[in-house]
Asks: 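The following block contains the structure, expressed as structure tokens.
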Amino acid sequence: MSRLFRSAADHAAGYRRSLPDRPVGVPIDQSALLDAFSGPLPSAPSPPEQVLADLLAAAGPGLVATAGPRYFGFVIGGALPAATAADILAAGWDQNAHNAVTSPAAIAAEAAAGAWLKDLLGIPPSASTGFVTGCQAANTVGLAAARHQVLADAGWDVERRGLLGAPPIRVIAGDERHATIDRSLRLLGLGTDVVEPVPAGPNGAIDLGSLRSLLRAGSPGPTIVALQAGNVNTGACDRLREACELIHRHGGWAHVDGAFGLWAAAGSATRHLVDGVELADSWACDGHKWLNLPYDSAFAFCARPDVHAAAMSYAAAYLVGSGGAPAGSELTVESSRRARGFAAWAGLRELGRDGVEALVDRCCALARRFADGLASAGFEVVNEVVLNQVLVAFGDDARTDEVVAAVQADGTCWAGGTTWRGRRLMRISVSNATTTEADVDRSIAAITRLAA
Ligand SMILES: *Cc1c(COP(=O)(O)O)cnc(C)c1O
């Protein structure tokens with residue numbers, strides 16, 4: 001087993017080493033990839049070494065250098081060395097992070113990492129932390145806690161009685177919310193038609209005056225507001241202090257989708273963007289994006305651990321609770337769970353407080369450098385670059401799409417396209433811990449050359 005595991009780790013390390021130099025995008029031949037993986041299920045067992053060799057051969061041509069320094073697509077992030085090594089151990093140890101009976105170590109790591117995360121993100125230390133797969137799951141958990149509490153306030157036990165016959169719930173969310181909010185609302189039985197949209201201001205944060213009018217206009221009663229830190233196009237953050245105060249004055253629950261934007265709290269130049277973050281009732285944040293933890297990793301925080309557990313935990317005769325604070329799968333949608341706390345703990349420990357701050361500051365400065373460089377080259381930067389996101393137009397929609405396609409085919413760097421406020425744009429996200437100024441300059445040069 002040692003030889004086998006070492007070989008897998010060596011391949012992973014070799015792949016990582018190659019990232020700065022390999023073409024970032026790959027020409028995708030999905031059917032060839034499928035062919036390489038396909039064939040009848042062998043009836044006989046295979047030696048593990050052979051299986052590993054076959055996997056390397058089949059997967060190699062289809063790997064995308066998303067973990068590398070010049071991948072600026074979506075909001076992806078890389079994977080820190082210690083966090084990756086910890087994740088390799090999590091697989092090797094094969095721990096079930098269900099609770100402190102199935103893995104005391106995994107639950108302890110989650111408790112320690114949860115405390116560090118709350119400290120860095122400006123979330124009250126008394127909040128609970130569920131370690132989930134992604135911000136989709138974190139939004140679902142946060143909104144489930146919200147659903148529990150606003151209905152409990154109205155005298156309705158939603159976990160027992162469901163939503164049939166329940167008092168109606170108002171859900172208010174920004175026009176430019178992330179699409180996962182809508183899927184969470186679907187999963188929670190609230191549906192997407194329930195959303196009362198708040199118009200966005202100039203840079204994509206909600207307009208506070210509109211939120212105030214909406215809250216005033218409706219009848220008081222169960223109300224959930226989904227706020228956002230980090231607009232997925234512009235990086236803009238809702239003004240959390242004013243928004244939370246308004247929401248609470250109306251007896252509502254404030255949830256913050258801060259998949260990447262909550263990390264503004266850890267940066268010296270961006271902290272003010274999430275002023276008042278501590279006032280919210282629940283928060284969703286990714287580990288696999290800006291914190292550079294390996295996939296998959298995210299956190300669902302709730303100001304009220306009892307509410308968090310009331311929404312998510314279940315009882316079964318064969319389960320023995322730890323008797324302590326709610327933990328593990330009492331705070332998540334998953335029952336049996338990968339031990340994600342090891343990688344989170346290791347990544348935070350590897351960076352330290354200063355390292356996390358430097359990571360956030362550096363990515364924001366590099367996004368600024370991208371914007372300045374492309375503007376100097378004569379292109380239009382469309383958003384106010386407040387965080388790590390840059391939106392660029394290269395002319396009309398067709399021309400911008402052409403440039404995005406050319407950049408993706410070229411392989412120097414990778415950036416995606418998006419539609420924002422009716423315009424096609426290139427979207428650049430700087431979220432990787434290994435990206436340098438030289439990477440940005442090389443990417444600006446390539447984009448400029450291709451646009452010409
Ligand atoms: C990425 C993102 C999500 C979804 O997160 P996953 O990790 O993909 O589940 C939700 N909200 C925002 C603002 C995001 O950027």
Side-chain angles (χ1 to χ4, degrees), residues 64 66-67 71-79 83 117 121 129-144 146 171 173-188 192 195 197-198 200 203-206 225-238 240 243 254-265 270 273-274 277 280 282-301 332-334 337-338 340 343-344 347 360 363 367 383 386-391 415-416 418 420 427-432:
V64 179
T66 47
Y71 190 89
F72 305 109
F74 311 98
V75 187
I76 290 270
L117 288 163
L121 297 172
T129 312
F131 285 70
V132 294
T133 49
C135 212
Q136 170 78 74
N139 279 328
T140 306
V141 171
L143 292 170
V171 178
D175 241 350
E176 299 193 7
R177 65 189 175 277
H178 195 271
T180 50
I181 292 288
D182 293 66
R183 182 153 65 174
S184 296
L185 293 173
R186 279 159 46 190
L187 293 170
L188 290 167
T192 52
V195 176
V198 189
N203 204 36
I206 57 163
V225 182
L227 301 169
Q228 182 167 256
N231 178 304
V232 81
N233 281 307
T234 66
C237 299
D238 293 347
L240 300 178
H255 171 76
V256 180
D257 174 2
F260 64 96
L262 266 187
W263 290 102
T270 48
L273 294 174
V274 289
V277 63
S282 55
W283 304 260
C285 186
D286 265 319
H288 54 218
K289 287 181 178 170
W290 212 347
L291 186 56
N292 281 246
L293 299 184
Y295 282 96
D296 45 26
S297 177
F299 322 107
F301 303 98
T332 66
V333 284
E334 299 85 6
R337 301 164 55 239
R338 179 176 173 79
R340 294 186 186 81
V360 172
C363 287
N383 66 317
V386 291
L387 210 59
N388 60 337
Q389 306 289 111
V390 186
L391 298 176
T418 189
W420 187 63
R427 181 172 73 139
I428 296 167
S429 174
V430 187
S431 319
N432 191 298

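Start at 1 and go down the list; that is how both ligands and their atoms are numbered. Since we're looking at a predicted model, the values are computed, not measured. Hydrogens, waters and symmetry mates play no part in the numbers below; they use all other heavy atoms, side chains included. Numbering starts at 1 and runs along the sequence shown.
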Asks: From the options His178, His255, Gln136, select the one residue that forms a side chain to side chain donor-acceptor pair (under 3.5 Å) with Ser184.
Replies: Gln136
Asks: Using distance alone, determine whether Asp257 and ligand 1 share an N or O pair under 3.5 Å.
Replies: yes
Asks: Only heavy atoms of Phe260, strictly under 4.0 Å: list the atoms of ligand 1 that pass.
Replies: 15 (O)
Asks: Is the closest heavy atom of Arg177 to ligand 1 under 4.0 Å?
Replies: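 False for this residue.
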Asks: What atoms of ligand 1 come closer than 4.0 angstrom to any heavy atom of His288?
Replies: 7 (O)
Asks: Nearest protein heavy atom to atom 2 (C) of ligand 1, by residue and atom, and its distance?
Replies: Lys289 NZ, 2.3 Å
Asks: Of all the heavy atoms in Ala298, does at least one lie under 4.0 Å from an atom in ligand 1?
Replies: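 Contact absent.
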Asks: With sequence neighbours left out, which residue pairs that include part of residues 178-188 fulfil the salt bridge (charged side-chain N to carboxylate O under 4.0 Å, His left out) condition?
Replies: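 Every pair satisfying salt bridge (charged side-chain N to carboxylate O under 4.0 Å, His left out) with a residue in residues 178-188: Arg177-Asp182.
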Asks: Is the closest side-chain heavy-atom distance between Leu227 and Leu240 below 4.5 Å?
Replies: yes
Asks: Consider side-chain contact (heavy atoms from CB on, under 4.5 Å). Of Val132, Thr332, Thr133, which one does Arg340 pass it with?
Replies: Thr133
Asks: Check the side chains of Gln389 and Thr234 for a donor-acceptor pair under 3.5 angstrom, ignoring hydrogens and angles.
Replies: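 No, because no side-chain N or O of Thr234 sits under 3.5 Å from a partner of the opposite role on Gln389.
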Asks: Is the closest protein non-hydrogen atom to atom 8 (O) of ligand 1 under 4.0 Å?
Replies: no
Asks: Could you list which atoms of ligand 1 come closer than 4.0 Å to a heavy atom of Gly134?
Replies: 7 (O), 9 (O)
Asks: Heavy-atom contacts with Val232 under 4.0 Å: which atoms of ligand 1 show up? List them by number with element.
Replies: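 That gives atoms 15 (O) of ligand 1.
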Asks: Could you identify the single nearest non-hydrogen protein atom to atom 5 (O) of ligand 1 and state the distance to 0.1 Å?
Replies: Cys135 CB, 3.0 Å
Asks: Below 4.0 Å, non-hydrogen atoms only: which portion of Phe74 touches ligand 1? Side chain, backbone, both or neither.
Replies: neither
Asks: Val390 versus Phe72: any side-chain heavy-atom pair under 4.5 Å?
Replies: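 Val390 vs Phe72: side chains apart.
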Asks: Can you tell me how far apart CG (Asn231) and CG (Asp257) are? Round to the nearest 0.5 Å.
Replies: 10.0 Å
Asks: Does ligand 1 have an atom that lies less than 4.0 angstrom from a heavy atom of Val75?
Replies: no
Asks: Could you pull out all residues at least two apart from Ala144 that satisfy side-chain contact (heavy atoms from CB on, under 4.5 Å)?
Replies: Leu188, Ala311, Met312
Asks: Any side-chain heavy-atom pair from Ile76 and Asn432 closer than 4.5 angstrom?
Replies: no
Asks: Atoms of ligand 1 less than 4.0 Å from Gly230 heavy atoms?
Replies: 13 (C)
Asks: Of the side chain and backbone of Gln136, name the one, both, or neither that has a heavy atom under 4.0 Å from an atom of ligand 1.
Replies: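 Contact part for Gln136 vs ligand 1: both backbone and side chain.
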Asks: If you measure from SG on Cys237 to CD1 on Ile206, what distance do you get to the nearest 0.5 Å?
Replies: 11.5 Å
Asks: Using a 4.0 Å cut-off to any heavy atom of Asp286, which atoms of ligand 1 qualify?
Replies: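 Those of ligand 1 that fall under 4.0 Å from Asp286 are 1 (C), 5 (O), 6 (P), 7 (O).
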